[in-house]
2 protein chains.
Amino acid sequence: MTAIAELPHPTREDIRIEAVLHALADPMRLHLVRVLATLPEGVPCGSIELPISKSTRTHHLRTLREAGIIRIRPAGTARITTLRRDDLDALYPGLLDGVLAARQ
Amino acid sequence: MTAIAELPHPTREDIRIEAVLHALADPMRLHLVRVLATLPEGVPCGSIELPISKSTRTHHLRTLREAGIIRIRPAGTARITTLRRDDLDALYPGLLDGVLAARQ
DNA sequence: ATCCAAGTACGACTGCGATCGTACTACGAC
DNA sequence: GTCGTAGTACGATCGCAGTCGTACTTGGAT
């Protein structure tokens, strides 16, 4: 059922390194990715607390989604966010691990 | 001798992942890094041709230098640019290789 | 000494993006 | 049905950064 719209995601082939790097370059988005990397699987977008407004959070999630870094799937009134670790590791082996290895 | 000023570089400990990602996120700078990665060692900054002005090139080189991605050392009237591959690999193992693995 | 080549410094312009508030939609619970 | 919750959409603001031109410095060649 899930009448909430499915948001568009780039296929693995459509992911561009410039977009990935640009998306990761923002502190808020980098923090989101870090947290997502520690979580087992799939959390609601809003469950990660950030010192920004709701609309700004949506903006960052869209940037990450359109870059191909996260996947957002509808689930009732919420949306479940997961890291596209398999796609990123396949395209840029070591990149994500390298970023996550950084002492924050 | 080399009376040209030595430009400041961050130590390995001072390199921050946000600055690195931000520096790599620009297409011109990413291209510079790609080219530097293919070259054996040390080329003059200006030898890599780009469709931008001299001052813009300087701007990008400074951004890369201040982020800790390249090292610039004076050599007569020119300046030799090298990739700080050792520092980057030590700090973020796999990151640089992952970026360079991207089909451009 | 003169000139050129390589690069930096500085100021100006301009567009992009991070931020916000408000309004709106869709689902679930009651 | 009504209400609350989760999120998107849209428009506005505003600072940062990519771009340029010009002026300046330094070193090497002539």
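In what follows, chains carry the letters A, B, and so on, assigned in the order in which the sequence lines appear, proteins first and then strands, with residues in each chain numbered from 1.
- Checked by atom type and distance alone, the side chain of A/Arg57 pairs as donor or acceptor with a backbone atom of A/Ile48 at under 3.5 Å.
- Residue B/Asp26 contributes atom CG, which lies 11 Å from atom P of D/dA17 at whole-angstrom precision.
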Test salt bridge (charged side-chain N to carboxylate O under 4.0 Å, His left out) applied to B/Arg71 and B/Asp86, step by step: CA-CA 11 Å; B/Arg71 191 175 295 278; B/Asp86 51 347; over 6 Å; no
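- What separates CD1 of A/Ile48 from P of D/dA6 is a distance of 14 Å, to the nearest Å.
- Between A/Ser53 and C/dC20 there is a side-chain polar atom (N or O) within less than 4.0 angstrom of OP1 or OP2.
- One can place CD of A/Glu18 at 17 Å from P of C/dC16, the figure rounded to the nearest angstrom.
- Here the C1' atom of nucleotide D/dT5 and the CZ atom of A/Arg79 are 14 Å apart, to the nearest Å.
- Across all strands, B/Ile52 comes closer than 4.0 Å only to sugar-phosphate atoms, never to a base (heavy-atom distances).
- With DNA chain C read from its 5' end, the first of the two nearest nucleotides for A/Pro51 and A/His22 is the one closest to A/His22.
- Taking only side-chain nitrogens and oxygens, B/Arg29 comes nearer than 4.0 Å to OP1 or OP2 of D/dG18.
- In terms of phosphate contacts, A/Arg57 brings no side-chain nitrogen or oxygen within less than 4.0 Å of OP1 or OP2 of C/dA18.
- Scanning atom types as modelled, no donor and acceptor separated by under 3.5 angstrom connect the side chain of B/Thr58 and the base of C/dG7.
- An OP1 or OP2 oxygen of C/dG17 is reached within less than 4.0 angstrom by no side-chain nitrogen or oxygen of A/His60.
- Looking at the side chain of A/Pro44, the nearest of the listed nucleotides D/dG7, C/dT19, D/dT8 is D/dG7.
- Across all strands, B/Leu61 comes closer than 4.0 Å to no nucleic acid atom at all (heavy-atom distances).
- The NE2 atom of A/His31 sits 9.0 Å away from the CD atom of A/Glu49 when rounded to the nearest 0.5 Å.
- The CD atom of B/Glu66 sits 13 Å away from the C1' atom of C/dA9 (whole-angstrom rounding).
- Where B/Ser55 and B/Thr63 meet DNA chain D, the nucleotide closest to each residue was compared, and B/Thr63 sits on the side nearer the 5' end.
- Salt-bridge annotation for B/Arg85 and B/Asp97: present, with a side-chain N of the basic residue lying under 4.0 Å from a carboxylate O of the acidic one.
- Rounding to whole angstrom units, CZ of residue A/Arg62 and P of C/dA18 are separated by 11 Å.
- Between the CZ atom of B/Arg65 and the P atom of C/dG7 there is a distance of 13 Å, given to the nearest Å.
- The interatomic distance linking A/Glu6 (CD) with C/dA26 (C1') rounds to 15 Å, in whole Å.
- In this structure, of C/dC20, D/dG18, C/dT8, it is C/dT8 that holds the atom nearest to the side chain of B/Lys54.
- B/His9 places a side-chain N or O within 3.5 Å of a backbone atom of B/Ile72 that can act as its donor or acceptor partner.
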